[in-house]
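The block underneath contains the structure these notes are about, expressed in structure tokens.
Chain identifiers are assigned alphabetically (A, B, ...) following the order of the sequence lines, protein sequences preceding nucleic acid strands; residue numbering begins at 1 within each chain.
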Amino acid sequence: MQMNMPTFNPSATRAIALVDVNNFYVSCERVFNPKLRGRPVVVLSNNDGCIISRSAEAKALDIAMGAPWFKVRKYAEQEGVIAYSSNYALYADMSNRVMSVLRQFSPSQEVYSIDESFLDFTDFPRRDLSAYAQQLRQTVLQATGLPVCVGIARSKTLAKLANHCAKQQATLNGVCHFNNLAPTVLDDTLRNIDVSHVWGIGRNLNKHLHEVGIHSAYDLKMSDAATMRQTFNVVMEKTVRELNGTSCLALEQVRGPQQQILSTRSFGRAVRDLQSLEEAVTLYTTRAGEKLRQRKLYAGSVYVYIRTSPFRDAQQQYDNNLRLPLHTATNDTLQLVQAALAALRQIYRPGYDYMKAGVSLGELVTAEAQQQDLFQSTATHEKAGRLMHALDTINQKMGRATLRLASEGVQHHQPWRMKQELKSPAYTTCWDELLAVE
DNA sequence: ATCACGGTTTGCA
DNA sequence: CTAACGTGCAAACCGTGAT
């Protein structure tokens with residue numbers, strides 16, 4: 001709805017900020033190892049598989065996001081690229097620090113991902129928001145050592161694009177404020193942004209949009225929202241409206257209840273035997289159970305899947321999965337593992353090279369919603385609860401490997417364990433490793 | 001016709 | 001030494017069978 005006449009607007013223009021850490025994982029590694037500054041650095045996914053974070057210097061060497069490390073390794077090492085296995089304990093810790101600093105800059109924050117927050121800057125009347133955002137960047141840098149960029153606009157989708165501009169254009173000094181631009185200037189900016197950079201436009205939608213003649217963010221903005229809803233879906237319609245400055249996506253300060261807890265890993269080496277798979281599934285279920293209790297939830301079902309590697313396409317492929325409902329929602333690792341192993345034994349077929357297994361806990365409920373098991377005495381129930389609490393406490397203090405189920409097996413007989421040969425020390429979480437650093 | 005369902009695909013970080 | 005290509009989540013989509 002366009003207004004022809006300037007009218008009284010009781011609420012100030014909506015201002016949503018998107019704050020995003022630059023090259024988050026690489027930047028975390030750099031905080032604790034200043035020698036990495038100015039050098040090409042990459043961080044690898046689990047199993048040292050793919051590149052998932054790159055420094056500016058690595059991007060300049062044309063090292064692609066998502067590239068399998070074994071394919072680019074030779075070239076990268078020739079060019080002096082330094083690679084790290086991912087160190088999620090470190091990144092999670094740094095993320096918490098960043099988020100708590102950001103919280104001080106707005107009463108309304110949505111933690112969107114490990115390295116991104118939306119902040120509501122609406123009704124910050126006397127402030128110059130660009131200067132405020134610069135102050136924010138300085139504060140985060142001083143408190144954590146991490147560089148961030150800030151995009152500010154009328155909607156979340158536009159704030160994402162503004163952040164994109166802040167990252168691309170060095171002259172902006174890390175802050176891009178769309179609300180300050182004249183409409184024609186903003187449109188010129190959007191014309192120069194490929195539509196694939198718009199939030200919600202992935203590979204498939206990008207292809208489809210090109211087919212109907214939509215190439216830039218501006219093209220998408222100018223498309224007819226109702227038509228786009230028919231041709232695509234309601235999400236696309238919202239994207240179009242958001243590009244036009246109408247906020248359709250609310251700031252979600254509180255996360256909805258979690259629906260599933262996943263633990264899945266590729267193996268360091270393919271396995272064929274049931275026992276190895278049992279060990280892996282036991283470990284993954286144990287991890288999922290820890291997450292479950294941390295979040296004070298109970299699971300109503302256990303889902304297990306196994307598969308061969310789709311990349312070894314000369315080999316016989318097999319994948320299968322099974323969900324087993326639990327009699328009563330539980331957070332007891334013993335029960336969860338029992339169900340997971342039962343599922344695994346049903347889907348396992350001999351004669352294949354398995355490369356990956358996964359466990360997902362579903363139908364999650366809170367303690368209040370968990371129905372008392374009529375067939376299980378309260379005493380048994382409480383005993384299991386105390387056992388799990390003791391287990392978690394001991395493993396937290398002495399390391400995850402301290403108390404384990406027998407079916408998890410013995411660590412040095414486990415070729416399936418993932419490879420992490422390039423890991424940095426646990427700077428923020430483990431004193432022993434920290435003191436070992438020169 | 002419409003809905004609920006479960007499995008599959010897509011997108012994001 | 002060799003072989004080697006991620007993980008965790010949500011939501012849309014789509015075919016099916018029930019009503």
**OP:** Output, in order, the C-alpha distance, side-chain angles, deciding distance and verdict of side-chain contact (heavy atoms from CB on, under 4.5 Å) for A:Tyr298 and A:Leu326.
**Re:** CA-CA 11 Å; A:Tyr298 296 76; A:Leu326 294 163; over 6 Å; no
**OP:** Ignoring the backbone of A:Leu205, work out which of B:dA13, B:dG6, B:dG11 is nearest its side chain.
**Re:** B:dG11
Original post:
Between B:dT9 atom P and A:Asn321 atom CG, what is the distance in whole Å?
Top reply: 12 Å
Original post:
Any donor-acceptor pair under 3.5 Å linking the side chain of A:Gln259 with the backbone of A:Glu363?
Top reply: no
Original post:
Under 4.0 angstrom, heavy atoms only, what part of the nucleic acid is A:Tyr112 near: base, sugar-phosphate, or nothing?
Top reply: sugar-phosphate
**OP:** Select base, sugar-phosphate, or nothing to describe what A:Leu44 touches, counting heavy atoms under 4.0 Å on all strands.
**Re:** nothing
Original post:
Contact class for A:Ser86 vs. all strands (heavy atom < 4.0 Å): base, sugar-phosphate, or nothing?
Top reply: nothing
Original post:
Which whole number of Å gives the distance between the P atom of B:dA13 and that of C:dC5?
Top reply: 25 Å
Original post:
Relative to each other, are the rings of A:Tyr112 and A:Trp199 parallel, tilted or perpendicular (30° and 60° limits)?
Top reply: perpendicular
Original post:
Base, sugar-phosphate alone, or nothing: which one does A:Arg255 contact when heavy atoms must sit under 4.0 Å apart?
Top reply: nothing
Original post:
Should the pair A:Arg191-A:Asp187 be classified as a salt bridge under the 4.0 Å nitrogen-to-oxygen rule?
Top reply: no
Original post:
At under 4.0 Å between heavy atoms, what does A:Val234 touch on the DNA or RNA strands: base, sugar-phosphate, or nothing?
Top reply: nothing
Original post:
Taking atom C1' of B:dG11 as reference, at what distance in whole Å does atom NE2 of A:His197 sit?
Top reply: 15 Å
Subject >> Ring centres under 6.0 angstrom apart (A:Tyr132, A:Phe105) >> reply: yes
**OP:** Searching all strands shown, indicate the nucleotide that pairs with C:dG6 (Watson-Crick or G-U wobble; both distances under 3.5 Å).
**Re:** none
**OP:** Starting at atom CG of A:Leu209, determine the distance to atom P of B:dT10, rounded to an integer number of angstrom.
**Re:** 15 Å
Original post:
In a check of side chain to side chain contact (heavy atoms under 4.5 Å, CB included) between A:Ser223 and each of A:Leu220, A:Thr227, A:Asp219, which one passes?
Top reply: A:Leu220
Original post:
Reading DNA chain C 5' to 3', which nucleotide is the first, and which the last, to come under 4.0 Å of any heavy atom in chain A?
Top reply: C:dA3 to C:dC13
Original post:
Taking CD1 from A:Ile201 and P from B:dC12, how many angstroms apart are they, rounded to a whole number?
Top reply: 7 Å
Original post:
Taking atom types as modelled and ignoring hydrogens, do the side chains of A:Asn47 and A:Ser45 form a donor-acceptor contact shorter than 3.5 angstrom?
Top reply: no
**OP:** Write down the distance between CG (A:Asn206) and P (B:dC12), rounded to a whole number of angstrom.
**Re:** 10 Å
**OP:** Name the nucleic acid region contacted by A:Lys71, choosing base, sugar-phosphate or nothing; use a 4.0 angstrom heavy-atom cut-off, strictly under.
**Re:** base
Original post:
Using a cut-off of 4.0 Å on non-hydrogen atoms, how would the nucleic acid contact of A:Gln260 be classed: base, sugar-phosphate, or nothing?
Top reply: base
Original post:
What integer distance in Å separates A:Glu110:CD from B:dC12:C1'?
Top reply: 13 Å
Original post:
Between A:Tyr303 and A:Tyr305, how do the two ring planes meet: parallel, tilted or perpendicular, split at 30° and 60°?
Top reply: tilted
**OP:** Looking at every strand, decide which applies to A:Asp115 at a 4.0 Å heavy-atom threshold: base, sugar-phosphate, or nothing.
**Re:** sugar-phosphate
Original post:
For A:Leu262 and A:Ser309, take the nucleotide of DNA chain C holding the closest heavy atom to each; which residue's nucleotide lies nearer the 5' end?
Top reply: A:Ser309
Subject >> Nucleotide B:dA13, atom C1' - distance to CG of A:Asn46 in whole Å >> reply: 15 Å
**OP:** Could you check whether A:Asn47 gets within reach of a base, just the sugar-phosphate, or nothing at all, counting any heavy atom under 4.0 Å?
**Re:** nothing
Original post:
Within the pair A:Asn204 and B:dG11, is there a side-chain N or O less than 4.0 Å away from OP1 or OP2?
Top reply: yes
**OP:** Give one of base, sugar-phosphate or nothing for A:Trp69, where a contact means two heavy atoms less than 4.0 Å apart.
**Re:** nothing
Subject >> Whichever of A:Gln315 and A:Lys291 has its nearest DNA chain C nucleotide further upstream toward 5' >> reply: A:Gln315
**OP:** Describe the nucleic acid contact of A:Arg269 in one word from base, sugar-phosphate, nothing, applying a heavy-atom distance below 4.0 Å.
**Re:** nothing
Original post:
Contact class for A:Arg307 vs. all strands (heavy atom < 4.0 Å): base, sugar-phosphate, or nothing?
Top reply: nothing
Original post:
Distance check: side-chain N/O of A:Lys207 vs OP1/OP2 of B:dT10, anything under 4.0 Å?
Top reply: no
Subject >> Gap between atoms CZ and C1', on A:Phe118 and B:dC12 respectively (whole Å) >> reply: 11 Å
Subject >> Between A:Gln134 and A:Gln138, a side-chain donor and acceptor under 3.5 Å >> reply: no
